[in-house]
Amino acid sequence: MTTTQSRNSQLEACIEACLKCLQDCEFCATACLDSDMVQMMAACIKACRDCADLCALCARFMSRTSDLHAQLCAVCADACDRCATECAKHDHEHCRRCAESCRRCAESCRQMSMAMA
């Protein structure tokens, strides 16, 4: 596998991780909004919404191979870490699934950011 193929494969994997994280964050935020304890879940909802938006933007920037995607990947990784930390505080299946997805996405985005630095 050539360096270009390897980088393209890494790029595709990171885009997929971002899109999966986006989906899990949106699902988690909606489930939290629908819960009886919505006030208690406010920080989780905010973290999920921030993370979902950054994942979407990051996937778009990577898809068009923007010169800014490495920097955006670093920011996205930070948002994913924050969301994973918040979701891990709650004992809901959707929060656990979201936290796992965020951790995977954060790792993939960190690797992409370092590869492009």
Side-chain angles (χ1 to χ4, degrees):
M1 185 181 290
T2 68
T3 303
T4 302
Q5 288 172 323
S6 177
R7 188 163 290 157
N8 286 343
S9 179
Q10 184 181 19
L11 186 70
E12 288 175 21
C14 193
I15 290 168
E16 287 179 28
C18 283
L19 294 175
K20 176 67 173 140
C21 189
L22 158 66
Q23 183 179 34
D24 288 338
C25 285
E26 290 289 358
F27 184 86
C28 186
T30 299
C32 289
L33 282 168
D34 290 342
S35 78
D36 294 336
M37 306 171 292
V38 70
Q39 280 303 114
M40 189 178 94
M41 302 304 290
C44 187
I45 295 164
K46 289 176 184 178
C48 284
R49 291 177 68 203
D50 285 351
C51 188
D53 285 349
L54 278 165
C55 284
L57 188 61
C58 196
R60 291 173 64 191
F61 273 47
M62 284 186 287
S63 293
R64 63 180 172 235
T65 59
S66 168
D67 291 341
L68 298 173
H69 84 263
Q71 293 93 323
L72 191 55
C73 280
V75 174
C76 189
D78 184 47
C80 288
D81 286 337
R82 291 171 188 233
C83 189
T85 298
E86 181 58 38
C87 283
K89 295 177 183 178
H90 307 288
D91 190 32
H92 304 287
E93 178 58 32
H94 57 85
C95 287
R96 280 191 296 275
R97 187 172 51 244
C98 186
E100 290 170 14
S101 186
C102 286
R103 286 184 199 105
R104 284 190 299 272
C105 187
E107 181 59 29
S108 187
C109 282
R110 262 191 293 283
Q111 289 175 4
M112 180 58 63
S113 181
M114 288 186 294
M116 299 308 293

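The shown structure was predicted, so the numbers you read here are calculated from the model rather than taken from an experiment. Excluded from the calculations below are hydrogen atoms, water molecules and symmetry mates; all remaining heavy atoms, backbone and side chain alike, are included.
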How about Arg96: does its CZ atom have over 12 heavy atoms from other parts shown lying under 6.0 Å from it? yes

Apply the hydrophobic cluster definition, ILVMFWY joined by side-chain contacts under 4.5 Å directly or through others, and give me every member besides Phe27. none

Check for me, please, whether Leu19 and Leu11 land in the same ILVMFWY cluster - side-chain distances under 4.5 Å, paths through other members count. yes

Passing candidate, side chain to side chain contact (heavy atoms under 4.5 Å, CB included) with Cys55, options Ser101, Cys25, Cys76: Cys76

Does Arg104 come within less than 4.0 Å of Glu107, counting only side-chain N to carboxylate O? no

Any ion pair linking Lys89 and Glu86 (charged N to carboxylate O, less than 4.0 Å)? yes

Can you tell me how far the CG atom of Asn8 sits from the CD1 atom of Ile15, to the nearest 0.5 Å? 9.5 Å

Given Leu22, Val75, Leu72, the one that forms side chain to side chain contact (heavy atoms under 4.5 Å, CB included) with Cys58: Leu72

Can you list every salt bridge (charged side-chain N to carboxylate O under 4.0 Å, His left out) pair that touches residues 12-22, not counting sequence neighbours? Lys20-Asp24

Using distance only, find each side-chain donor-acceptor pair of residues 30-45 under 3.5 Å and give its atom names and separation, not counting sequence neighbours.
from  : atom 1 : to    : atom 2 : distance (Å)
Thr30 : OG1    : Glu26 : O      : 3.0
Ser35 : OG     : Cys32 : O      : 2.9
Ser35 : OG     : Met37 : N      : 3.3

By side chain to side chain donor-acceptor pair (under 3.5 Å), Arg49 pairs with (sequence neighbours left out) none

What's the shortest heavy-atom distance between Cys28 and Cys87, and which atoms? SG-SG, 4.0 Å

Gap separating the CZ atom of Arg103 from the SG atom of Cys98, nearest 0.5 angstrom: 9.5 Å

Where do Ala106 and Cys80 come nearest, in terms of heavy atoms and distance? CB-CB, 3.7 Å

Return each pair, listed once, that meets salt bridge (charged side-chain N to carboxylate O under 4.0 Å, His left out) where at least one residue sits in residues 67-80; pairs must be two or more places apart or across chains. Asp78-Arg82

Residue list, salt bridge (Lys or Arg N to Asp or Glu O under 4.0 Å) with Asp81, at least two apart or on another chain: Arg110

Report yes if some heavy atom in the side chain of Gln111 is under 4.5 Å from a heavy atom in the side chain of Cys14; otherwise report no. no

Out of curiosity, does Phe61 fall in the hydrophobic cluster containing Met112 (side-chain heavy atoms, cut-off under 4.5 Å, transitive links)? no

Side chain Ser113, main chain Ala70, donor-acceptor under 3.5 Å: yes

In Å and rounded to the nearest 0.5 Å, what is the NE2 to OG distance from His69 to Ser63? 10.0 Å

